[in-house]
Protein chains: 2
Amino acid sequence: MSTRDNLLDAFEELLIDDGERSATLEAVAARAQVSKGGLLYHFKSKDALVEGLLERLVEHAQIDAEQMRTDPRGPSAYYVDTSVYAGSALDRSLMATARLIQETPRVRETMQDIHQRWFSIILQEVGERGAARAVMLIGDGLYYNAVLSGGTSAEDVAGTDPDDRAELLSVVARLTGRQG
Amino acid sequence: MSTRDNLLDAFEELLIDDGERSATLEAVAARAQVSKGGLLYHFKSKDALVEGLLERLVEHAQIDAEQMRTDPRGPSAYYVDTSVYAGSALDRSLMATARLIQETPRVRETMQDIHQRWFSIILQEVGERGAARAVMLIGDGLYYNAVLSGGTSAEDVAGTDPDDRAELLSVVARLTGRQG
DNA sequence: GTCTATAGCTCGATAGAC
DNA sequence: GTCTATCGAGCTATAGAC
């Protein structure tokens, strides 16, 4: 893997596990097993490091949106089912980026863009605005619970239980009008 | 108002508007129109300041839980309807505290406690676990959107529109079995 | 109860050797 | 492409005057 990606991985891990404050240039460099100078060769400033994180997030989100559109269960079921933190590349990008809200406006704008795109896809499937919003909010709620549970193991996160997931998906099916 | 409460208010405002990093002792003292030494007389350390914030949060949450139980529309409708950021004392406490997750474990524990209590109340009303979870998640999603929208004016926050709120409440009514 | 001054530390960023 | 060394700024916390 490129040193660049290695550094971004280290940055993500630190953000998720220890938060914004702990994700200093020195800590990122240390975790990537590079010196601070080595880091600053690839990213000229901390802003550049954040920008690199956002670029990767957008890439992952685009791939995810495509899978969301083509999933046989439909976008809504896909969205709710994948909103539980499972440690995917997108999950990690999102969790890490969430720690940086109000660091710079770019972070919030990027996350809102992605969020808006998801909503468009779900609205297209569901048709009705109210139900589409409810589905979105359930996914958002799951994501919020993951953030609230923080860097702790995914085991404790609400929604990991298979029965709970099935139950929730049936509620979503009712809301979307599919098989419900 | 006591200087203590004044300082906690200033701390909250800074956290909401500018984030954890900007909420330094100096900044808090300045916003409360007190010197840094004055602040440190009331709160011996930054941890003590955070602890003060958590105590107020718990107080507000207890009052809110009581209103939730006694609201004529039922706890679920109350929860979803009040999860939209409206600038109440509880809203501000929650938003501010949300910025401090992963600062110390105490923050996360306190928020999870409050969250658990809300769930108990809703489950008691709804009866069925799956539906109760769905209702909770919708509220959580609204709250997450508020956090995502950050310190920006509440106008842009999804869920502020009266029609949207009514539509959402009817979905909740369907899930809880009330009037739906 | 509130103030100023400052010690001690850590951060982001630069400079320059290799 | 990676390293060490260091500067200047900003942070928490302490000491002591008023």
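Letters A, B, ... are given to chains in the order of the sequence lines, protein chains preceding strands, and every chain is numbered from 1.
Between the side chain of A:Asn6 and the backbone N or O of A:Ala32 there is no donor-acceptor pair closer than 3.5 Å. Between the side chain of B:Arg92 and the main chain of B:Glu13, no donor-acceptor pair closer than 3.5 Å is present. B:Glu125 contributes no side-chain N or O that, together with a main-chain N or O of B:Gly74, makes up a donor-acceptor pair within less than 3.5 Å.
Among the heavy atoms of the strands lying under 4.0 Å from A:Ser35 is at least one base atom, whether or not backbone atoms are also near. Within 4.0 Å of A:Leu39, counting heavy atoms only, lies no atom of the nucleic acid at all.
Spacing between atom CZ of A:Phe43 and atom C1' of C:dT14 amounts to 19 Å, rounded to whole angstrom units. One interatomic measurement links the two molecules: NZ of A:Lys44 to C1' of D:dG1, which rounds to 13 Å at whole-angstrom precision. Between B:Asn6 atom CG and C:dT2 atom P the separation is 10 Å, expressed in whole Å. Taking atom CD on B:Glu20 and atom P on D:dC11, their separation rounds to 13 Å, with Å as the unit. At whole-Å resolution of the value, CD in A:Glu26 and P in C:dC11 are 6 Å apart. What separates CZ of A:Arg21 from C1' of D:dC11 is a distance of 8 Å, to the nearest Å. The interatomic distance linking A:Leu25 (CG) with D:dA9 (C1') rounds to 15 Å, in whole Å. Between the P atom of D:dA13 and the NE2 atom of B:His42 lies a distance of 17 Å, rounded to the nearest Å.
One finds no side-chain N or O of A:Thr24 lying less than 4.0 angstrom from the OP1 or OP2 phosphate oxygen of C:dT10.
Of the two residues near DNA chain D, A:Tyr41 and B:Ser45, the one whose nearest nucleotide lies more 5' is A:Tyr41.
Put simply, the residue from A:Tyr78, A:Tyr79, A:Tyr143 that forms a ring-ring contact (aromatic ring centres under 6.0 Å, His included) with A:Trp118 is A:Tyr79.
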